[in-house]
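Any value given below was found using the heavy atoms of this structure, including those in side chains, with hydrogens, waters and symmetry copies removed. Chain letters run A, B, ... following the sequence lines, proteins first, then strands; residues in each count from 1.
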Amino acid sequence: MDVMPKWAEVVLVPLISLLLASILSAIVILAIGENPWDALMLMIDGALGSTYGWGYTLYYATNFIFTGLAVAIAFHARMFNIGGEGQAMLGGLGVALVCLYIPWPHWSLALLGASVSAAIFGAAWATIPAFLQAKRGSHIVITTIMFNFIAAALLNFLLIGALKPTGSMEPATGKFPETTHLPSFQDMFSTADNVMFRGAPANISFFVAVAACFALWFLIWRTRLGYEIRAFGHSESAAKYAGISPTKIIMIAMMISGALAGMMAINNVMGEAERLVLNAVEGAGFIGIAVALMGRSHPFGVFLAALLFGFLYQGGAELALWTSIPRELIVVIQALVILFTGALDNMVRMPLERIFLAFRKPAKGA
Amino acid sequence: MSETAPAIELKGISKAFGPVQANKDISIRVMPGTIHGIIGENGAGKSTLMSILYGFYKADAGEIWISGQKTTIPDSQAAIAAGIGMVFQHFKLVENFTVLENVVLGAEDGALLRPSLAKARRELKALAEEYELNVDPDALIEDIGVGMQQRVEILKALYRQADILILDEPTGVLTPAEADQLFRILERLKEEGKTIILITHKLREIMDTTDTVSVMRRGEMTATVKTSETSPPELAELMVGRKVLLRVEKKPAEVGDKILEVQNLNVTDEKGVHRVKDVSFDVKAGEILGIAGVAGNGQSELLEVLGGYEKATGSIKVNGQEIDLTGAKSDGRSRRERGISHVPEDRQSEGLIMDYMAWENVAFGYHHDDRYNKGIRMDNAAIRADTEAKMERFDVRPPNPKLAAKSFSGGNQQKIVLAREIERNPDLLLIGQPTRGVDIGAIEFIHQQIVALRDQGKAILLVSVELEEILSLSDRIAVMFDGRIMGERMPDQTDEKELGLLMAGMTKGAA
């Protein structure tokens with residue numbers, strides 16, 4: 001028997017965690033000498049007050065959906081993939097190669113090709129740590145984080161060498177051709193007399209991310225593979241008993257994870273920058289961990305948490321622009337959210353469970 | 001309040017975990033210098049009660065009186081100070097420490113070890129003489145047997161001046177001979193004036209050793225009687241709340257062709273330990289082959305090989321056809337396709353996913369079956385319907401397919417596994433410790449199901465550490481010791497004594 005009803009588990013616990021994180025953040029803002037309420041209003045206005053703000057919020061959220069899903073699927077196999085950063089970098093390389101060297105007739109085909117390529121590159125980058133884990137027992141946390149550094153070095157090497165257009169002084173590829181440019185929200189939603197999302201980077205890959213949420217949900221809860229992944233995640237010994245191969249599950253779960261992280265590149269590389277630059281990922285791989293934790297590894301939870309972090313990101317940028325609150329404070333707020341939703345989960349959960357029990361006992365006697 | 005003061009008296013102890021009332025208004029008097037048995041099914045509240053007495057839990061209500069004095073026991077330190085010693089089912093010893101070091105651990109006199117050790121050595125010697133508890137103080141724990149390890153636990157308690165000794169299911173890991181030794185020690189302790197509380201679910205131990213017995217059921221103390229004035233059927237009825245068949249009723253076996261043939265099977269585990277040594281046997285249709293033995297003598301590995309998740313050399317044939325022992329087809333799925341069903345020894349870590357709902361567990365291992373799938377989707381509705389039907393036939397309570405496996409009692413969890421494996425209609429059923437941690441009421445049902453499957457002409461390989469279970473269910477008995485089969489016996493031509501000797505590795509005197 002579960003102690004708490006499901007809604008409390010899914011909604012109440014993260015909300016309270018979030019509230020606690022906000023209160024602490026408010027104290028920090030007070031200490032800086034700014035008004036927390038004004039700061040919150042500024043964030044809300046900046047991130048959600050206009051289609052322009054929404055365009056940024058959703059752009060960031062798209063990144064976080066992909067990396068959050070990547071961490072979530074690995075969590076289901078009890079695997080802690082903190083290599084989303086590196087896998088997303090490699091995904092960017094996949095996108096760049098496909099966009100630069102294949103003449104695409106239309107953006108839709110280019111999107112398809114780039115998605116597949118990004119997924120393959122991301123998955124390949126996750127395969128090596130997965131193999132080391134499955135066959136040699138090398139801990140996935142250690143190997144994936146080391147692969148982030150290798151990925152960064154590899155990209156550095158390529159962007160100052162083979163992929164840099166001759167004569168360019170910048171560690172970046174050349175601009176992708178026109179036919180690979182994805183429609184932005186501005187292109188999609190503006191009418192002749194009403195321009196929406198002006199200049200904002202949100203683009204069609206947001207919908208690919210939403211589709212990925214549904215696809216992953218279906219995979220985890222409706223297919224044999226998802227059933228096996230979850231079974232393995234709950235109990236390796238039971239999985240072996242049932243004839244589920246640990247090697248197979250580790251490899252497949254990590255490849256799906258890497259593929260999702262890699263696919264982030266269709267948003268930031270193909271949709272926004274339209275070329276591959278150094279440090280294109282900007283820490284989204286790590287934020288995916290917080291997103292997955294907060295979303296309880298459920299694709300829809302990940303979607304909501306990604307929106308929240310998108311809001312924090314965009315709102316934080318606005319704060320830095322208009323107040324003396326440094327942008328780094330947003331990192332503090334994010335860290336607090338991670339701390340409360342992940343590490344201190346039980347701090348919120350235990351008192352809540354006690355409250356629910358206290359309410360249930362008299363109900364039972366009646 | 002002088003002579004007749006009970007060593008321990010509990011008055012109106014209650015303890016609830018959330019909505020579960022683990023102990024309800026329990027009162028008990030344990031007289032000094034007696035062996036007092038506490039018997040009850042799993043989940044009856046025995047362990048909770050003892051944990052309260054040992055300071056692990058705090059009672060919601062009630063009083064604890066020790067030797068006529070009202071006391072509170074907030075933690076185990078206080079329990080030790082009050083003269084209570086506890087021997088847990090799973091020993092709490094440091095494997096790579098010596099006996100002496102383990103005895104001293106936590107009871108050191110100062111920062112320097114040497115004086116404590118010297119003192120402990122003297123006292124151990126005195127204790128050994130007084131209670132005939134001989135143990136080599138310099139032996140490493142990992143080098144001595146389980147029976148010896150248990151003695152160390154008892155010594156630890158005595159070293160801390162325990163007058164009251166609580167033993168939780170002490171014979172679970174012992175051979176019958178070791179258990180007899182233990183009971184002699186307990187007898188001796190009693191003569192010296194110690195008070196002993198023996199917690200067990202084995203009726204025979206209660207009858208053989210205790211002076212008084214208290215029966216617990218569903219958190220309540222249902223009766224306290226003098227052992228000499230009661231009988232096993234009466235105790236069983238008090239435990240379960242209804243009449244129980246203690247003996248399995250079965251017809252003579254109608255034995256058919258060989259279903260399983262094992263030849264020269266050898267298993268070496270990951271650490272390089274040779275677990276199963278040159279084992280050969282067969283199981284025929286319509287018979288139950290029981291494998292007896294103390295836990296850890298290769299039976300588990302044997303089951304794992306047959307179940308497909310441990311590698312081995314040698315040969316295993318099912319229905320006359322060789323099965324793969326090392327290659328790609330040596331997994332659980334391939335075994336199931338060959339008509340082998342497996343109820344594993346440990347349902348919590350192997351047979352079930354405790355966080356999966358009952359219906360998800362019913363498909364577990366068979367999730368590739370056509371009946372559970374619709375294209376790439378799993379047919380969850382079909383699995384749920386099948387689960388409902390199975391729960392009804394196997395009387396699983398509560399019959400709710402959407403409840404997580406961990407929410408069921410041990411007996412009902414086992415019924416879920418049994419329903420899944422038996423209803424697959426296998427040619428060969430592997431079943432390990434079918435009634436471990438299962439209450440008496442469910443044991444009866446599980447035994448009936450196993451016999452019914454045998455009567456349908458299926459081959460059954462039964463592994464159990466409960467000798468009584470082996471004797472009452474098996475049509476043929478093989479005894480394993482140190483990875484070898486020491487011999488085969490027919491149940492009506494042997495007894496616990498002879499099997500006990502084989503289980504301890506002695507073949508002499510056993511013709």
request  = Side chain from CB out, backbone as N, CA, C, O: work out which of these in B/R336 comes under 4.5 Å of a heavy atom of chain A, or both, or neither.
outcome  = side chain
request  = Using a cut-off of under 4.5 Å on heavy-atom pairs, state which of A/G226, A/S245, A/S237 scores highest against chain B.
outcome  = A/S237
query = Is it the backbone or the side chain of A/I244 that comes under 4.5 Å from a heavy atom of chain B, or both, or neither?
reply = side chain
ask   = Looking at B/G365, B/G308, B/S349, which makes the most heavy-atom pairs under 4.5 Å with chain A?
value = B/S349
ask   = Which residue out of B/D355, B/L352, B/D331 racks up the most heavy-atom pairs below 4.5 Å with chain A?
value = B/D355
note = Of the listed A/K240, A/H234, A/R222, A/R224, the one with the largest count of heavy-atom pairs under 4.5 Å with chain B is A/R224
message = With a 4.0 Å cut-off on N to O distance, would you call A/E228 and A/K248 a salt bridge?
response = yes
query = B/H342, B/M354, B/R333: which one forms the most heavy-atom pairs within less than 4.5 Å of chain A?
reply = B/H342
key: Part of B/Y356 within contact of chain A (heavy atom distance under 4.5 Å)   = side chain
For A/R349, all residues meeting salt bridge (charged side-chain N to carboxylate O under 4.0 Å, His left out), sequence neighbours excluded = A/E9, A/D345
query = Will you find, in the side chains of B/S14 and B/D60, an N or O donor that is under 3.5 Å from an N or O acceptor?
reply = no
key: Aromatic contact, A/F80 with A/F75 (centres under 6.0 Å)   = yes
remark   = If you tally heavy-atom pairs under 4.5 Å between each of A/G243, A/A239, A/A242, A/S235 and chain B, the highest tally belongs to A/A242
message = So for atom CD, which belongs to B/E270, do other residues, nucleotides or ligands contribute more than 12 heavy atoms lying within a distance under 6.0 Å?
response = no
remark   = Partner of B/P434 under side chain to side chain contact (heavy atoms under 4.5 Å, CB included), picked from B/V463, B/L462, B/L418, is B/L462
ask   = Is chain A contacted by the side chain of B/E304, its backbone, both, or neither, given a heavy-atom distance below 4.5 Å?
value = neither
request  = Kindly state whether the ring of A/F300 and the ring of A/F214 have centres lying under 6.0 angstrom apart.
outcome  = yes
